[in-house]
Structure formats: structure tokens, C-alpha cells
Number of protein chains: 2
Amino acid sequence: MTIDIITDEQRKMARYAKAISHPIRVYILSLLGKQSCCYSGDLSEDLPIAKSTLSQHLKELKDAGLIQGETKAPKIKYCVNKENWAEAQELFKGFLKI
Amino acid sequence: MTIDIITDEQRKMARYAKAISHPIRVYILSLLGKQSCCYSGDLSEDLPIAKSTLSQHLKELKDAGLIQGETKAPKIKYCVNKENWAEAQELFKGFLKI
DNA sequence: AATAATGTTCGTAGTTTTGCGAACAACGAA
DNA sequence: TTCGTTGTTCGCAAAACTACGAACATTATT
């Protein structure tokens, strides 16, 4: 009940887990796992949500560091952020003892 | 934009991820990974949160199916729910393999 | 039976998440 | 420049999350 015994690693774990804690975001990341990149417009066609909502989910993933967007005007190409994804992999691997 | 293309697997992934999307819950699960079981009271001593708050986090993990409680009156022994934990492992493994 | 130990539930409060449509910004093409 | 395409941001609302203390339940012990 004194000091904070939760480690930075555990905080990071929680952060990444939070980023993937929504079905839409799981879907997006799964897709990026298959094809490594995608356009927001393609997602918008497939997913039953408003564009603005999709935009927010992408922002969530971006803020968590799991994806990155590259402007290919007028579109934006989203890719996995490999560095952070690798970190997340390691964290989850350790956590799940996979 | 028509049918829901999100799979049950992806929904489950999101559900499990949500359960571990809080530092306190990551801490609890990490501990259970090390020693497989623990008492709520021990957690309460270590964590800087109110008992009632801890109780809620444990309930979250229980509802998600990741842990289960066994009454050893007047204490409660919490353990990993092995079956569901294995399922979560598989889901994350598939998800992260990417 | 009375007390102590252990947790849960209730009521409350503040914050965050999720979602939508409308309005706005950026940029290529006609 | 004007228009169409593509996304983001804004304003709003509903729901969920996080947290606390007080009150309550349960059970072992005295």
C-alpha cells in the first residue's frame, strides 16, 4: 500500500492492450498483419461505421504507436509501425509465456 | 459498409485485450503467471488502491474469464482460469505472429 | 452471541470511450 | 480556379471505466 510496485513494462503492456481492446481495431491490425499496409478508404468501405469514427480508431492506434500513416495525397497509407509492433510482441510474449 | 465482417475471434481478442488493458490487472495477471494463485488480501497490501477498487478489477478479470475465485473462508483464493487463459494465448499468438 | 477479518456491493463523482453528422482542411484534376 | 475526393476535427450525447468510502455480508474465533 506504499510505493507503486507496477513496472513500466506493465504499464506499456496495458497501453498496448488498450489499443487493441476494440473489435474494430483488432480488425484493422489483423488486416495490416496480412497485407502490411492499407488505405483508410478501403477500411471505410468494409466497416459499418462512420468515417469520423474510423478516423478516431486509426488515431488511437497511431497514438499507441502501433501504426503509422504516410500521406499519398489525397489518400493516406497506413502501415504497421514495425519497431513498436516488435516491442508489443515481446511484451505480450513475455506476459503470455508463449 | 454492409454486413459485419468482424469475426467472433476478433471480438474475443478485443474482449481479452480489454481485460488486460489496465496496469493493475496486468500486475495481477503477471503475479498469477508466477505463482498461479494468490489471495486478494495480499494484493491489497501491495497495491495503492482501495479494497473496493481492487475487488472491481478482480471482478473484471473474472467476468472476462481469465481468473476464477475459490472461497477459502474468510479469504478467497484467485487462480488463473487455465482453459480460457489457453484460449487467450492462442488468440494472441495468432494475432501477433503477423 | 459478540467480535474480528475478509471481501463485495452500493452510491457517488469525475474521466474516458465510442459514435454520429456537420463543418472544415488538403490536394489533385478538370 | 473550381470541383471532387479523402480525411480530420468539432460539438454533442450516451455509455463505460475508474475510484473512493460507507455499508453490508460471511465466516472463524473468542
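The shown structure was predicted, so the numbers you read here are calculated from the model rather than taken from an experiment. In the text below, chain A, chain B and the rest are named by the order of the sequence lines, each starting its count at 1.
- Atom CG in A:Leu61 sits about 14 Å away from atom C1' in C:dT17, given to the nearest Å.
- Computed from coordinates, the A:Ile76 CD1 to C:dA25 P distance equals 16 Å when rounded to whole Å.
- Across all strands, B:Ser40 comes closer than 4.0 Å only to sugar-phosphate atoms, never to a base (heavy-atom distances).
- For a distance-only test at 3.5 Å, the side chain of B:Ser55 fails to qualify as a donor-acceptor partner of the base of C:dG7.
- Separating the OH atom of A:Tyr27 from the P atom of C:dT18 is a distance of 18 Å, rounded to the nearest angstrom.
- Distance from the side chain of B:Ser52 is smallest for C:dT9 among the nucleotides D:dT8, C:dC20, C:dT9.
- Atoms NZ (B:Lys51) and C1' (D:dA23) sit 11 Å apart, rounded to a whole Å.
- Classification of the B:His57-B:His22 ring pair by plane angle, with boundaries at 30° and 60°, yields tilted.
- A donor and an acceptor atom, one from each side chain of B:Glu70 and B:Tyr78, are nowhere located under 3.5 Å apart.
- The NZ-P distance, from B:Lys59 to D:dC17, rounds to 11 Å in whole Å.
- When rounded to the nearest whole Å, the span between CZ of B:Arg25 and C1' of D:dA19 equals 12 Å.
- Set against C:dG21, C:dT8, D:dC20, the side chain of A:Ala50 has C:dG21 as its closest nucleotide.
- Using a 4.0 Å cut-off between charged side-chain N and carboxylate O, B:Lys18 and B:Glu60 make no salt bridge.
- Summarising the geometry, the separation between NE2 on A:His57 and C1' on C:dG19 is reported as 8 Å, rounded to the nearest angstrom.
- Residue contacts shown for B:Lys18 are limited to sugar-phosphate atoms, with no base heavy atom under 4.0 Å away.
- Of the candidates D:dT8, D:dG7, C:dT9, D:dG7 carries the atom nearest the A:Tyr39 side chain, counting heavy atoms from C-beta on.
- We find that B:Asp63 and B:Lys59 are joined by a salt bridge, their nearest charged nitrogen and carboxylate oxygen being less than 4.0 Å apart.
- Remark: B:Thr53 is in phosphate contact with D:dC20, judged by side-chain N or O atoms under 4.0 Å from OP1 or OP2.
- Residue B:Glu60 is out of contact with every strand shown, counting any heavy-atom pair closer than 4.0 Å.
- In terms of position on DNA chain D, the residue among B:His22 and A:Leu58 whose nearest nucleotide sits closer to the 5' end is A:Leu58.
- One interatomic measurement links the two molecules: NZ of A:Lys75 to P of D:dG4, which rounds to 18 Å at whole-angstrom precision.
- Each of A:Leu54 and B:Tyr78 has a nearest nucleotide on DNA chain C; the 5'-most of these lies closest to B:Tyr78.
- Considering only heavy atoms from C-beta on, B:Ile76 stays 4.5 Å or farther from B:Leu58 through its side chain.
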